> 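Submitted below is the structure of interest, expressed as structure tokens.
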Amino acid sequence: MDLSKLNPPQREAVIHGGGPLLVLAGAGSGKTRVITYRIAYLLRGGIPPHGIAALTFTNKAAEEMRERVGKLVGDRKTAAKLTVGTFHSLGLQIIRREYKALGIPSGFTIYDAADQLGTVRELLRTVHVTDRRFDVKAILTRISLAKNRFVRPGEYRPAEVDEYDEITAEIYPRYQEALRAYAALDFDDLITETVRLFEENAEVRERWQRRFRHVLVDEYQDTNRAQLMLVKHLCGDHGNLCVVGDDDQSIYSWRGADPANILSFERVFPGAKVVKLEQNYRSTPTILNAANAVIANNENRHGKTLWSNRPDGDLLAHVVATDSEHEAKFVTREIGQLTRGGRWSYRDTAILYRSNVQSRILEEELRTACIPYVMYGGQQFFERKEVKDLIAYLRLALNSRDEIALRRIINYPARGIGATTLERISARAQAETTTMWNVLERIDEAMSKQIRPGTRQAIGAFVALMQKVRQGLEAGQSGAAVARVLVEDIELYADLHSAAGSHSAAQRRIDNIESLFSSLERQHERSPGLSALAQYLRQLSLVNDGDDTPDPGDKIVLTTLHGAKGLEFPVVFMVGMEEELLPHARTLAPQVTDVFDPDHASDVSEERRLAYVGMTRAQDKLYLTRSALRRIRGRTTERTPSRFLLEVPKHFTVQRDATAEAHELVPTDELSALFKSIAAQLSDD
DNA sequence: GTTGCGTTTATTTTT
DNA sequence: TAAACGCAAC
């Protein structure tokens, strides 16, 4: 480790002795470098790796951090002993060891968004809300926000005239009861239940406080109240807490992140040292000053001014198009010219937008121009549905109380057990205060009158199938082996083929299942046994996209502004710089489903931060594009330039007219690209 | 239990 | 515009 590679404030943060430390790290100022160096420095100072916890929000950030620390200390074994992970994985780790004190069964399940949605839908049905259809997600958002502020189920009080608060007040207690009955924890519970455990059980709390002698938190501006509490408890009285973040990049308050955490750090942790990292190593001064000018319009900041000692660089391009097609064509054409110049390749370029719908027209134009691209984010959820279905079988085998898993698979593939049957079984289970699985097991004696013999036979077959799965696991077979037999038994591949539109779509799904098998095999070799499998399945639900991140290759990146946080590109296009897109219309005129929160009423400052995050992704070239007309929801509307665009001082930009440039002569190699794309389209059919 | 049609409603997303 | 959802008909 070479401390001379750090600038003075970076070094100051790294060698800070003990006690609370707030590192205000501007965009591109080397915050990950500070955290990794600090961990290495603590290790060198004699703190055992076992006693250090570094917390992040995403698995990706955690992996990157562990890797960089490993390189820095040059000792893989030491790096492996560190606790580097997401808040949720730390919560899971603690709960897994302390489940007894929490009164949860050891085979507990983790509920993801889909499971939560299913639970609330089910509850809405039992509460008989038929007069009005509710947005289930809006209810879950409220439950989640309440949980993270430690509002107990019975304490939830509706606002004066908010029907969503009223239905939430009704659903929230039932939801929490349901989860306990299913032996399930949702993502929020991983944090809040850990906090509750620490608050109610001094012995447990002190044990963990003794263990972690230093705690480090990345992206501190994204923490919510529950995460703050968790951190506070972990640090206990030593207060060796180092947080790194940027209040100007807080863009997740809509999902509960509380910027007050970073703004009032010094009040919450008295005697805190504050270090500002203001030297930016990423962008040209022109880009940086433009971004600074925009963010300066926000109030309530810690206030930093980023500077860069690079050469000034190009002016920003303020591009005006007559319609969104011209805008997309401009971007495409410009990318063609930049890459043809030889200085930049596709992978150096990103197109950023506020909302996913904006990607469509860009994709169309990029495709016709034969420019390769990758889209970050988006909805990959249903692509892995088949994997989740299969996992639900294992989940149910390990936790028969998991009603959502049961409901998910009892008629998948279709075996003639429909909604009415399920309703009756559910009602019986409720009446007997037992689980649905318990009723299923004795269906013939319990419900011979209410359920037809044919259906009961189907249920019997399902129960037998599940018992076979469970017995296989109990006999010590691997999850993979059991799942393979199961897939044969239920003829899943045949079902996938008939359900999928094309052969290749079915094959993709089958490939997904096959990779689940090999993943399960590997885990069985690592640690066989029922509880290890249960733990593996829980861990799996905390990992979003499996284990393989494919090499992006030389492609343009398309992503939302949110998705761009933490990334950097030599060339950045921010498209749709218009009012009602950025800032988004929803911010300017909130809807009934939006949470009314007087503490941080949805204001444009978060949208401005979003603009700031986008601009500060750019290293060398930044294009801000907008259109005079745009088709929105089938209606062509006149557009107003984004206020943030107008906040960029004129002397940092050069205006360009996309439509006029589109009529200029098309260079010959661009024509050849056009021919290529036509040929490609013809051969596609 | 599935399919199809009309109605409705349009952010951001990780764990 | 377009996709997601609910309800009614098969």
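Within every chain, numbering begins at 1; the chains are lettered A, B, ... in the order of the sequence lines, protein sequences first and strands thereafter. Quick caveat: nothing in here was measured; it's all calculated off a predicted structure.
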> Considering only side-chain heavy atoms of A:Arg255, which listed nucleotide, C:dT1, B:dT12, B:dT14, is closest?
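Looking only at side-chain atoms, A:Arg255 lies closest to B:dT14.
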> Could you please name the option among B:dT11, B:dT13, B:dG1 that lies closest to any side-chain atom of A:Thr560?
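Nearest to the side chain of A:Thr560 among the choices is B:dT13.
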> Would you indicate which nucleotide in B:dT15, B:dT12, B:dT2 comes nearest to any side-chain atom of A:Asn59?
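Side chain of A:Asn59 sits closest to B:dT15.
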> Would you mind classifying the nucleic acid contact of A:Ala585 as base, sugar-phosphate or nothing, using non-hydrogen atoms under 4.0 angstrom?
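Here A:Ala585 touches no strand at all.
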> Between A:Lys565 and A:Glu219, does at least one N-O distance fall below 4.0 Å, as a salt bridge requires?
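Yes, this pair counts.
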> When you get a sec, tell me which of B:dT15, B:dT13, B:dT11 is the closest nucleotide to the side chain of A:Thr58?
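Of B:dT15, B:dT13, B:dT11, B:dT15 is nearest to the side chain of A:Thr58.
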> Quick one: closest heavy-atom pair of A:Ile409 and A:Ala392, and the distance?
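It is CG2-CB, 3.6 Å.
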> At under 4.0 Å between heavy atoms, what does A:Glu607 touch on the DNA or RNA strands: base, sugar-phosphate, or nothing?
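The residue A:Glu607 makes base contact.
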> Parallel, tilted or perpendicular: which describes the rings of A:Tyr623 and A:Phe573, with under 30° parallel and over 60° perpendicular?
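Parallel, since the angle between the ring planes stays under 30°.
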> Between A:Asp222 (CG) and B:dT13 (P), how many Å, whole number?
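Rounded to the whole Å, the gap is 13 Å.
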> Check this for me, if you would: do A:Arg395 and A:Asp389 make a salt bridge, where the nitrogen-to-carboxylate-oxygen distance has to be below 4.0 angstrom?
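No, this pair does not count.
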> In whole Å, I'd like the distance from the CD atom of A:Glu606 to the C1' atom of B:dT12.
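The distance from CD of A:Glu606 to C1' of B:dT12 comes to 9 Å, rounded to the nearest Å.
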> Please list, pair by pair, any protein nitrogen or oxygen found under 3.5 Å from a nitrogen or oxygen in nucleotides 3-9 of chain B.
none

> Check this for me, if you would: do A:Arg367 and A:Glu364 make a salt bridge, where the nitrogen-to-carboxylate-oxygen distance has to be below 4.0 angstrom?
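Here A:Arg367 does not pair with A:Glu364 in a salt bridge, since their nearest N and O are not under 4.0 Å apart.
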> What's the gap between C:dC5 and B:dT12 when it is taken at their P atoms, as a whole Å value?
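Here C:dC5 and B:dT12 have their P atoms 15 Å from each other.
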> If you check the A:Asn356 side chain, which of C:dT1, B:dT15, B:dT12 turns out closest?
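Among C:dT1, B:dT15, B:dT12, the one nearest the side chain of A:Asn356 is B:dT12.
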> I need the CG-P distance between A:Asp495 and B:dT2, as an integer number of Å.
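To the nearest whole Å, that distance equals 10 Å.
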> Taking the C1' atom of each, how far is C:dA3 from B:dT14, in whole Å?
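Here C:dA3 and B:dT14 have their C1' atoms 24 Å from each other.
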> Give the rounded distance in Å between these two atoms: CG of A:Leu561 and P of B:dT14.
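A:Leu561 atom CG is separated from B:dT14 atom P by 14 Å.
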> Tell me the interatomic distance from A:Arg608, atom CZ, to B:dT11, atom P, rounded to whole angstroms.
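Nearest whole value for this atom pair: 23 Å.
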> Indicate, with a heavy-atom threshold strictly under 4.0 Å, whether A:Arg354 touches base, sugar-phosphate, or nothing.
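Since a base atom lies under 4.0 Å of A:Arg354, the category is base.
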> Measure CG/A:Asp188 against C1'/B:dT13 and give the value in whole Å, please.
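My rounded result for the distance is 13 Å.
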> Assign A:Ile417 to base, sugar-phosphate, or nothing according to its heavy-atom contacts below 4.0 angstrom with the strands shown.
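If one applies the 4.0 Å heavy-atom cut-off, A:Ile417 turns out to touch the sugar-phosphate alone, with no base involved.
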> Separation of A:His88 atom NE2 from B:dT14 atom C1', in whole Å?
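These atoms are roughly 8 Å apart.
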> With DNA chain B as reference, determine whether A:Thr420 or A:His562 sits nearer its 5' end, using the nearest nucleotide of each.
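Final value for this comparison: A:Thr420.
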> A:Arg360 side chain: which of B:dT15, B:dT12, C:dA3 is closest?
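The answer is C:dA3, which lies nearest to the side chain.
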> Which of the following nucleotides, C:dT1, B:dT11, B:dT15, is nearest to the side chain of A:Arg631?
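Selected nucleotide: C:dT1.
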> Could you state the atom-to-atom distance from CH2 of A:Trp254 to P of B:dT13 in whole Å?
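These atoms are roughly 6 Å apart.
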> Can you tell which of C:dT1, B:dT11, B:dT13 lies closest to the side chain of A:Ser355?
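When the side chain of A:Ser355 is considered, B:dT11 is the closest of C:dT1, B:dT11, B:dT13.
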> Between A:Glu578 and A:Arg626, is there a salt bridge with N-O shorter than 4.0 Å?
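Result for this pair is no, no salt bridge flagged.
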> Does the cation-pi check pass for A:Arg225 over A:Phe150, that is, NZ or CZ under 6.0 Å from the six-membered ring centre and within 45° of its axis?
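Verdict for A:Phe150: no cation-pi partner in A:Arg225.
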> Among B:dT15, B:dA10, B:dT13, which is the nearest nucleotide to the side chain of A:Arg633?
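Of all the options, the side chain of A:Arg633 is nearest to B:dA10.
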> In terms of the angle between their ring planes, are A:His562 and A:Tyr252 parallel, tilted or perpendicular, with boundaries placed at 30° and 60°?
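Plane angle between 30° and 60°, so tilted.
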> Are the side chain of A:Arg617 and the backbone of A:Val613 linked by a donor-acceptor contact shorter than 3.5 Å?
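Yes: the side chain of A:Arg617 pairs with the backbone of A:Val613.
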> Considering heavy-atom distances to DNA chain B, does A:Leu610 or A:Thr421 have its closest nucleotide positioned more toward the 5' end?
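Going by which nucleotide is closer to the 5' end, it is A:Thr421.
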